[in-house]
Visitor: 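Please find one structure pasted underneath; my questions will follow.
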Amino acid sequence: MKEAFRPQWPLLVGSLPAAASWFEPRECSPTLHDWMAFTDASPSTMVLYGMGGTGKTQLAANLATTVLATARSWTADSASDSDPRQDSPAASPMLSTDLVVWVTADSTEHIVGSYARAWRAVTGMGPSGDVDDEASRFLSWLTTTPRGWLMILDDVPDLGALRGWWPPNTASGRCVVTTRSSDTSWRTEHRARINVGLYSPVMSRRYLRRVLEQQGRERDAAELDRLAADLGHLPLALAQAAAYLCEDQSLTIAQYRALLADRTLLLADVLPDVSNLPDAQQHIVAAAWQVSLQRADELTPVGLARPLLLMLCLLDPHGVPAAMVTSPASVQYLTARLSGRHRAVSAHHVRQALRVLRRFSLVYPGLPGADERDDLIGMHQLIQRAVREASEPAELATSVRAAADSLQEAWPSGVDYADTVVGRSLVSCAEHLVAQDTAKALWHGGGPHSVLSLLGRQLQATGRREQGLRHYTSMLHTARRLLGHNHPETLFLRSDIAGLRAEAGDVAGAVAELRKVLVLQSRHLGEESPHALTTLNNLAHWRGGMGDYAGAVTEYDRLLVTLQKRGDLLDEADVLMTRRSRAYCMTQCGREAEALPELHSVVEGSKRVNGPRHPRTMVARNALASCLGRMGRNDEAAEILTSLLTDQRMVHGERHSEVLITRSNLAQQRARTGHIEDAVVELTQLVPLFMEVFGPHQVRTLTCRSLLAEWTWRAGREGSARAQMAEVVDDATRALGSDHHFTLEARLSLTRWSTGT
């Protein structure tokens, strides 16, 4: 009689992936191993999900290897020839697992084929020719066998691939699924989900240090941290970058980081070729997400996932406002990309496409907002780069313009900057978009896209003046090259840059440049052109900034006359703004009595034209309070400023430049009404904020510091006040020059305090 077939337990069916060098246990590793150790574990299936490259397969392989080694050791140590389960029926599954099946589960066909091979492995039968029948028999056997088993279903594309082919829920069996799909339908009574994310900074550093140390490479912790951040702490990218560094021993980490940052190079240029990938990897990191993107693009709404992802890959990886993605401009862009498919795209379709991208872990939810419009969408920076590199230049240029249009539509109307999560993300998205626009798609014959100007204004409003100057200088170079030296936009940019120079302390140089620009604008565009009028306004403003308030009033008079010539083109809002600036300068040169009724009129007019909380109206209210304060009507001034501060905080947020200025003015008015100590406390808190927002040597910051010194003096702390003012004088001399009006006034105060005069 033929002897019955008896497999050699424990048995492995399928090939486990090669173990990764310097495998890093993850936060979920103890959870997985504990789950395998419990006799009556529920749920019976663990679903490891996350974006491609996070190490889900390696986690599953590590678990399978540990289970096999433990089971083999336990079997070898058993002194009895009998079935160990008979002696210890309550043994842990980690010990009593007799069968481990590794399934490359990227399609239903592969899943069924693996089940059939497992059936033949446990029964010793030859192929029957009916793979589906063999697979079904294997699942039935799993249902009834007393033997412990572990099934690994690796890289399952979605739930549909397992429809009808799920391993059974039994007391003796466990199943691990790895997938990029984050669909919540994976979670059931018998299945739990674990999100496998990126390495932590500590894990990234430890991994890189171990790999490079083995090759005798440098392992400076700071450089390793910078490299890990450049790679977004993605395990697959870290492994491939480390392999590249080990292959090219002459390359320092700093030099390699420079290659990574070089936009003229592709990811494929700075990673090993396929033949040199570590740990038996099959693809470079750039290709890790192509299958997911292809699958996403095939799902309803068909064809939307890829163009939507392309637009997202141009923006801030840490958060894109959902309102921007579902804006009319975004919908129009996606509709155009689907031209010829005879379907219109709506915001609903865009939200559907976003959900599809989330399902495949190509994007992920960022910070949630107060409602869906404020939600943020995140995306890994290397996915962004891979998608950009796989796109045609013309396709990228179209997406750049669409992203700019969407940003413009999502920007809060009539507000310079809102210090909110969404407000900051809009600014950051604009910065990323400008950095990606290598083809200058944001420029056309008429000039730059308005999002470029929006970004510049926000950088100024939030105190990032160095970045603002770089931004405008880059725009000026582009304008000269694309539009010409005397194009309206080129000259307008020169005017803006002059203002930034003045903000940085070079007021005299800025005034000289503004005069040159005004001559060219008047010659080429006419003195009544909008650009010439803006430059004339800036010239008047900065003459006041030099302390020449009488000259500034003269320039504003000239501007008002020119505005009146425009007739039906007259913009009442512009006239009100000019009148307000003129009246403010009048208050600074002893003409408060004339300025006061004018400022009352401007405030009421601006409320009517712009609204009570419009930035221009609020600046006018501040100017009115300043005039009242100079006239000694400090209680009235403080009342106006208190109400104004509430409105500014509501519109701008806490750290906006206008909010800080109002707080400083209010502190001064309260001090003049006798609340000196309160003013000193407030100004002490304001100085570091001014230094952060405006810069340590900007006139506004120096003014706030001098006010603090002044009221400290009046509070009776003369020594401290003199020391503070001495520092102000030194800093003002270096930043503004010894002849600047502010420097002269500060030095005069210090001399007066020192001599007691």
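These numbers come from the heavy atoms of this one structure, side chains and all, not from hydrogens, waters or symmetry mates.
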Visitor: Can you classify the ring geometry of Phe690 versus Phe694 as parallel (below 30°), tilted (30 to 60°) or perpendicular (above 60°)?
Guide: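 Aromatic pair Phe690/Phe694 classed tilted.
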Visitor: Applying side chain to side chain donor-acceptor pair (under 3.5 Å) to His349 and Ser346, what does each step give before you reach the verdict?
Guide: CA-CA 5 Å; His349 293 123; Ser346 67; 3.1 Å; yes
Visitor: What heavy-atom pair brings Leu198 and His233 nearest, and what distance separates the two atoms?
Guide: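 Residues Leu198 and His233, closest heavy atoms: CB-O, 3.4 Å.
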Visitor: Nearest 0.5 Å please: distance from the CG atom of Leu433 over to the OG atom of Ser428.
Guide: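 Leu433 CG to Ser428 OG: 11.0 Å, rounded to 0.5 Å.
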Visitor: Quick one: NE2 on His432 to CG on Leu312, what's the gap to the nearest 0.5 Å?
Guide: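 The CG atom of Leu312 is 13.0 Å from NE2 of His432, to the nearest 0.5 Å.
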Visitor: Might you point out which heavy atoms bring Pro612 and Thr617 nearest each other, and give the distance in Å?
Guide: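 Nearest heavy atoms, Pro612 then Thr617: O-CG2, 3.6 Å.
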Visitor: For His524, does the NE2 atom have more than 12 heavy-atom neighbours from other residues, nucleotides or ligands under 6.0 Å away?
Guide: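 Enclosed.
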Visitor: Looking only at non-hydrogen atoms, find the nearest pair between Gly526 and Ala532 and report the distance.
Guide: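 Of all heavy-atom pairs spanning Gly526 and Ala532, the closest is O-CB, 3.6 Å.
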Visitor: Using modelled atom types only, decide if a donor and an acceptor are shared between the side chain of Gln381 and the backbone of Asp230 within a distance under 3.5 Å.
Guide: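 Yes, because the side chain of Gln381 sits within donor-acceptor range (under 3.5 Å) of the backbone of Asp230.
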Visitor: Please report the shortest heavy-atom distance between Val387 and Cys313, naming the atom on each side.
Guide: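 Nearest pair, atom of Val387 first, then Cys313: CG1-SG, 4.0 Å.
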Visitor: If you round to the nearest 0.5 Å, how far is CG of Leu454 from CG of Leu426?
Guide: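 If we round to the nearest 0.5 Å, Leu426:CG and Leu454:CG are 9.5 Å apart.
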Visitor: Run the side chain to side chain contact (heavy atoms under 4.5 Å, CB included) check on Leu310 and Arg337 step by step: do they pass?
Guide: CA-CA 11 Å; Leu310 181 55; Arg337 293 298 302 272; 4.0 Å; yes
Visitor: For the backbone of Val434 and the side chain of Asp437, can you confirm whether one donor and one acceptor N or O come within less than 3.5 Å of each other?
Guide: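 No; judged by distance alone, with no hydrogens or angles, the pair does not exist.
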Visitor: Any chance you could measure Glu389, atom CD, to Leu382, atom CG, to the nearest 0.5 Å?
Guide: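 Going from the CD atom of Glu389 to the CG atom of Leu382 covers 9.5 Å.
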Visitor: If you measure from NE2 on His541 to OH on Tyr556, what distance do you get to the nearest 0.5 Å?
Guide: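 So the NE2 of His541 and the OH of Tyr556 are separated by 6.5 Å.
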Visitor: Taking atom CD as the centre, does Glu528 end up with more than 12 heavy-atom neighbours from other residues, nucleotides or ligands that are less than 6.0 angstrom away?
Guide: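 Yes - once you tally the heavy atoms of other residues, nucleotides and ligands closer than 6.0 Å, there are more than 12.
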Visitor: Report the C-alpha distance between Thr535 and Arg494 in whole Å, list the side-chain angles of each, state the deciding distance to 0.1 Å, and finish with yes or no for side chain to side chain contact (heavy atoms under 4.5 Å, CB included).
Guide: CA-CA 10 Å; Thr535 300; Arg494 285 180 61 184; over 6 Å; no
Visitor: Would you say that Gln521 contacts Leu536 through its side chain, given a criterion of any heavy-atom pair below 4.5 Å between the two side chains?
Guide: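 Contact flag for Gln521/Leu536 side chains = no.
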Visitor: Could you check whether any side-chain heavy atom of Leu396 comes within less than 4.5 Å of a side-chain heavy atom of Thr438, counting everything from C-beta outward?
Guide: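 A side-chain contact is absent here, since even the closest heavy-atom pair is not under 4.5 Å.
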Visitor: What's the spacing between Leu520 CG and His531 NE2 if we round to 0.5 Å?
Guide: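 Answer rounded to 0.5 Å: 14.0 Å.
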Visitor: For Leu483 and Gly447, work out which heavy atoms get closest and say how close.
Guide: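 Looks like CD1-CA, 3.9 Å.
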Visitor: Would you mind listing every salt bridge (charged side-chain N to carboxylate O under 4.0 Å, His left out) that reaches into residues 303-320, with sequence neighbours excluded?
Guide: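 Those involving residues 303-320 are Arg306-Glu395.
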Visitor: Taking all non-hydrogen atoms of both residues, which atom of Arg180 and which atom of Trp289 are closest, and how far apart?
Guide: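 Heavy atoms only, the tightest pair is NH1-CA, 3.7 Å.
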Visitor: Taking side-chain contact (heavy atoms from CB on, under 4.5 Å) as the criterion, tell me which of Leu267, Leu234, Val285 meets it with Gln240.
Guide: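 Exactly one candidate clears the test, Val285.
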Visitor: Set out, in order, the CA-CA distance, both residues' side-chain angles and the distance that settles salt bridge (charged side-chain N to carboxylate O under 4.0 Å, His left out) for Arg616 and Asp574, then state yes or no.
Guide: CA-CA 10 Å; Arg616 289 183 176 180; Asp574 287 342; 3.5 Å; yes
Visitor: Is a side-chain donor-acceptor pair under 3.5 Å present for Tyr333 with Thr398?
Guide: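 Judged by distance alone, the side chains do not pair up.
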Visitor: Counting distance only, does the side-chain N/O of His471 pair as donor-acceptor with the main-chain N or O of Leu452 below 3.5 Å?
Guide: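 Side chain of His471 to backbone of Leu452: a pair is present.
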Visitor: Judged by modelled atom types alone, do Arg580 and Tyr584 share a side-chain donor-acceptor pair under 3.5 Å?
Guide: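 Not at all, the side chains of Arg580 and Tyr584 share no donor-acceptor pair under 3.5 Å.
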Visitor: Salt-bridge test for Glu298 and Arg295: reply yes if a basic N is under 4.0 Å from a carboxylate O, no otherwise.
Guide: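 Salt bridge between Glu298 and Arg295, a charged N being under 4.0 Å from a carboxylate O: no.
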Visitor: Is the closest side-chain heavy-atom distance between Ile377 and Pro365 below 4.5 Å?
Guide: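 They are not in contact (no side-chain heavy atoms under 4.5 Å apart), so the answer is no.
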